[in-house]
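In what follows, a structure is listed as structure tokens, so that the remarks can point back to it.
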Amino acid sequence: MEKVKDSKVAYYANKLAVESEPGLTTAQLMLFNHDLKPVEPERRQWGAWNFVGFWVADSFNINTWMISSSMIVEGLSWWQSWLCVWFGYAIAACFVCMTGRIGATYHISFPVVSRASFGIWGALWPVFNRAAMACIWYGVQAWIGGECVYLMIRSIWNDWRPDNIHNGIPGSGTNTVMFVSFFLFWAGSLPAIWFPVHKIRHLFTVKAYFVPTAGIAFFIWAIVRAKGIGPIVHQPGTAHGSDLGWKMIRGIMSSIANFATLIVNDPDFARFARKPRDALWSQLITIPVGFAVTSFIGIIVSSSSTVIFGGDPIWNPLDLLGQFLEEGGNGQRFGVFIISAAFTLAQLGTNIAANSVSAGTDMTALLPRYLNIRRGGYICALVGLVMCPWNLLKSSNSFTTYLSAYSVFLSSIAGVIICDYYIVRKGYLEIKELYSGKKTDPYYFTYGFHLRGYTAYIAGILINVVGFAGAIGRKVPVGAQRIYDLNFFCGFLIAGGVYWSLCKIFPIPATSETWLEVGDEIRNVSVAYANDSDNGYDEEVMAGGNGKGSAGEEISSKNF
């Protein structure tokens with residue numbers, strides 16, 4: 001054994017190990033490192049306006065721009081589609097604030113939050129799910145960012161197009177021009193991954209000023225070119241009666257599904273909030289307003305395109321910018337360059353926020369000894385490159401269906417976590433025990449897995465399974481289709497309801513009989529077993545705590 005410890009393998013393994021607390025056991029080294037620990041006061045630098053900038057920046061991206069298009073194509077009028085966006089993102093904002101409050105109060109990330117609901121080791125499965133999805137989305141969003149870079153280059157050098165440049169990678173599913181554009185975006189994103197999360201807020205501040213300004217300029221440019229707002233705003237919807245009602249419900253649910261990943265991982269950012277309220281009203285108001293305004297701009301610009309170029313509306317803003325380039329002219333080219341640069345920055349910010357940081361945080365939890373957020377972010381970027389995202393996007397309808405269906409899995413995770421925190425535990429968490437591998441500690445449950453949480457999670461998925469089969473083309477009963485139309489709500493409510501019922505029948509430890517959030521007293525938490533007396537809470541503040549254990553025993557400050 002000593003030979004192994006003194007070997008070169010051990011030497012380099014220790015060199016690769018990331019920053020952690022000394023004195024941890026082997027089990028704790030799989031549960032803790034600097035990026036997983038509760039954020040200390042020095043790094044809590046996100047104020048309310050930082051969250052406003054974050055969501056304003058995130059709302060101006062190509063997916064949001066096109067969010068209403070599918071609803072209008074389905075037969076809704078523009079205002080019915082826009083109403084769905086308002087309702088959908090307002091509901092999504094409520095869910096975001098509920099999960100975000102956990103992070104903002106206790107200053108812990110999604111992987112740590114999920115340990116209370118799924119168990120110390122059981123949390124690894126939902127974390128792996130989220131990490132895998134983030135890597136896939138990173139590649140897809142990077143490919144879209146590459147299309148923005150393609151337009152930037154082409155606005156300077158018009159010969160930069162697939163029909164002019166020899167394709168040196170035949171049979172790859174793409175061509176040299178588009179791959180080089182994609183690679184330039186991918187490589188240009190790497191420096192942004194280097195910065196720690198509490199400092200990356202400056203990227204979103206810059207994006208919040210530049211990108212909406214360019215979007216509004218695009219909006220005005222299209223209206224001026226069309227000499228009006230186009231025919232779509234005068235076009236009535238073709239859906240009526242119950243058909244209209246269910247299409248509007250599907251529109252609302254598609255908006256929520258578009259946010260499913262961010263609902264789950266909002267604690268990854270909210271934990272850097274200075275105060276819990278900084279992550280409340282700023283998110284609750286900015287999310288529906290930002291996404292609704294961007295969607296409205298997309299509707300009007302697409303409507304104007306039918307006048308400018310004739311034919312069907314052009315819903316993809318990049319296709320519309322390409323049409324402007326075809327017309328030629330220095331003014332046109334300059335305008336396309338600026339707007340394409342704004343969309344490039346928009347895609348960069350969205351990819352870092354929704355995918356890179358999320359995947360990095362999740363991978364940190366999967367292998368805390370050797371991975372931190374930065375290393376996890378670079379692994380995510382590498383996976384996004386080698387997965388060849390252009391092949392996934394060849395069959396866009398199928399890909400979109402499967403991605404939307406993934407919200408079913410995430411809604412079950414959110415249902416368990418939110419029910420656990422707000423209803424079962426009433427806001428009370430024992431932070432130090434979330435990093436403990438002891439079998440006697442409250443979040444260890446059964447071999448590290450919380451079977452009540454997993455049962456509820458599976459129940460939330462099963463309610464939507466038949467409807468999902470219908471969504472991919474199988475013949476299923478109408479009732480199953482209607483349940484799937486409400487997939488996020490069904491998964492969330494069933495998972496939450498089953499979890500609450502099981503915890504009522506089989507009570508769990510570390511709960512409170514009254515509402516008791518003790519996160520404000522967290523300072524610098526030490527989790528090593530040798531430092532049990534150092535609990536990271538302010539002892540004087542906690543001495544008067546009125547929390548209750550599951551057996552009704554008073555919880556004193558020493559138990560934290």
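Note that the structure is predicted; figures quoted are calculated from it, not measured. For the single chain, residues carry numbers from 1 onward in sequence order.
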Check your understanding: Which class fits the ring pair Phe449 and Tyr454: parallel under 30°, tilted 30 to 60°, perpendicular over 60°?
Key -> tilted

Check your understanding: Side chains of Val18 and Arg369: does their closest heavy-atom pair fall under 4.5 Å?
Key -> no

**Study point:** Met30 to Leu367 - nearest heavy-atom pair and separation
**Key:** CE-CD1, 4.2 Å

Practice item. Look only at the side chain of Lys207 and the backbone of Ala57, and say whether a donor-acceptor pair between them is shorter than 3.5 Å. Key: yes

Check your understanding: Between the main-chain N or O of Ser117 and the side-chain N or O of His450, is there a donor-acceptor pair closer than 3.5 Å?
Key -> yes

Review point. Does the Tyr443 side chain pair with the main chain of Glu430, one donor and one acceptor, at a distance under 3.5 Å?
Key: yes

Check your understanding: If you measure from CD1 on Ile287 to CD1 on Ile91, what distance do you get to the nearest 0.5 Å?
Key -> 13.0 Å

Check your understanding: Is the backbone N or O of Pro509 less than 3.5 Å from a side-chain atom of Arg425, with the two atoms forming a donor-acceptor pair by type?
Key -> yes

Exercise for review: Assess whether side-chain hydrogen bond (donor to acceptor under 3.5 Å, both in side chains) is satisfied between Ser358 and Asn265, documenting all intermediate values.
Suggested key: CA-CA 7 Å; Ser358 301; Asn265 77 277; 2.7 Å; yes

Review point. How far apart are the closest heavy atoms of Gln45 and Asn50, and which atoms are they?
Key: O-OD1, 3.4 Å

Check your understanding: For Asp278, what residues pass the salt bridge (charged side-chain N to carboxylate O under 4.0 Å, His left out) criterion, not counting sequence neighbours?
Key -> Lys275

Review point. Could you give the distance from OG (Ser412) to CD1 (Ile458), rounded to the nearest 0.5 Å?
Key: 9.5 Å

Practice item. Would you please indicate yes or no on a ring centroid separation below 6.0 angstrom for Trp500 and Tyr421? Key: no

Study note, to complete from the structure: Contacts of Lys37 meeting side chain to side chain donor-acceptor pair (under 3.5 Å) (sequence neighbours excluded), chain-then-number -> none

Check your understanding: Any sub-3.5 Å donor-acceptor pair from Thr64's side-chain atoms to Ser59's backbone N or O?
Key -> yes

Review point. Is the distance between the ring centroids of Trp46 and Phe54 less than 6.0 Å?
Key: yes

Point to revise | Any donor-acceptor pair under 3.5 Å from Asn351 side chain to Tyr138 backbone | key: yes

Point to revise | Side chains of Leu345 and Phe210 in contact at under 4.5 Å (non-hydrogen atoms) | key: yes

Revision key, fill the gap. Between Ser172 and Ile169, the two heavy atoms sitting closest are OG-O, 2.7 Å

Exercise for review: Answer yes or no: is there a donor N or O on one side and an acceptor on the other, between the side chain of Arg374 and the main chain of Trp194, under 3.5 Å?
Suggested key: yes

Review point. Is there a side-chain contact between Leu382 and Tyr378 (heavy atoms, below 4.5 Å)?
Key: no

Review point. Has the side chain of Arg271 got a donor or acceptor atom that lies under 3.5 Å from a matching backbone atom of Gly100?
Key: no

**Study point:** From Tyr428 atom OH to Ser512 atom OG, the distance as rounded to the nearest 0.5 Å
**Key:** 8.0 Å

Review point. Taking only residues two or more places apart in sequence, or in another chain, which ones meet Arg101 in a salt bridge (charged side-chain N to carboxylate O under 4.0 Å, His left out)?
Key: Glu517

**Study point:** Side-chain donor or acceptor of Tyr457 paired with backbone N/O of Val416 under 3.5 Å
**Key:** no

Review point. Do Thr350 and Gln141 touch side chain to side chain, with heavy atoms closer than 4.5 Å?
Key: yes

Practice item. State, yes or no, whether a side-chain contact exists between Asp266 and Phe95 at a heavy-atom distance under 4.5 Å. Key: no

**Study point:** Tyr106 (side chain) donor-acceptor with Leu429 (main chain) under 3.5 angstrom
**Key:** yes

Point to revise | Check: Val112 and Leu31 side chains under 4.5 Å, non-hydrogen atoms | key: no

Review point. Should the pair Phe291 and Tyr89 be assigned to parallel (<30°), tilted (30 to 60°) or perpendicular (>60°) ring geometry?
Key: parallel

Exercise for review: Assign the ring pair Trp390 / Trp143 to parallel, tilted or perpendicular, where the plane angle (0 to 90°) is split at 30° and 60°.
Suggested key: tilted

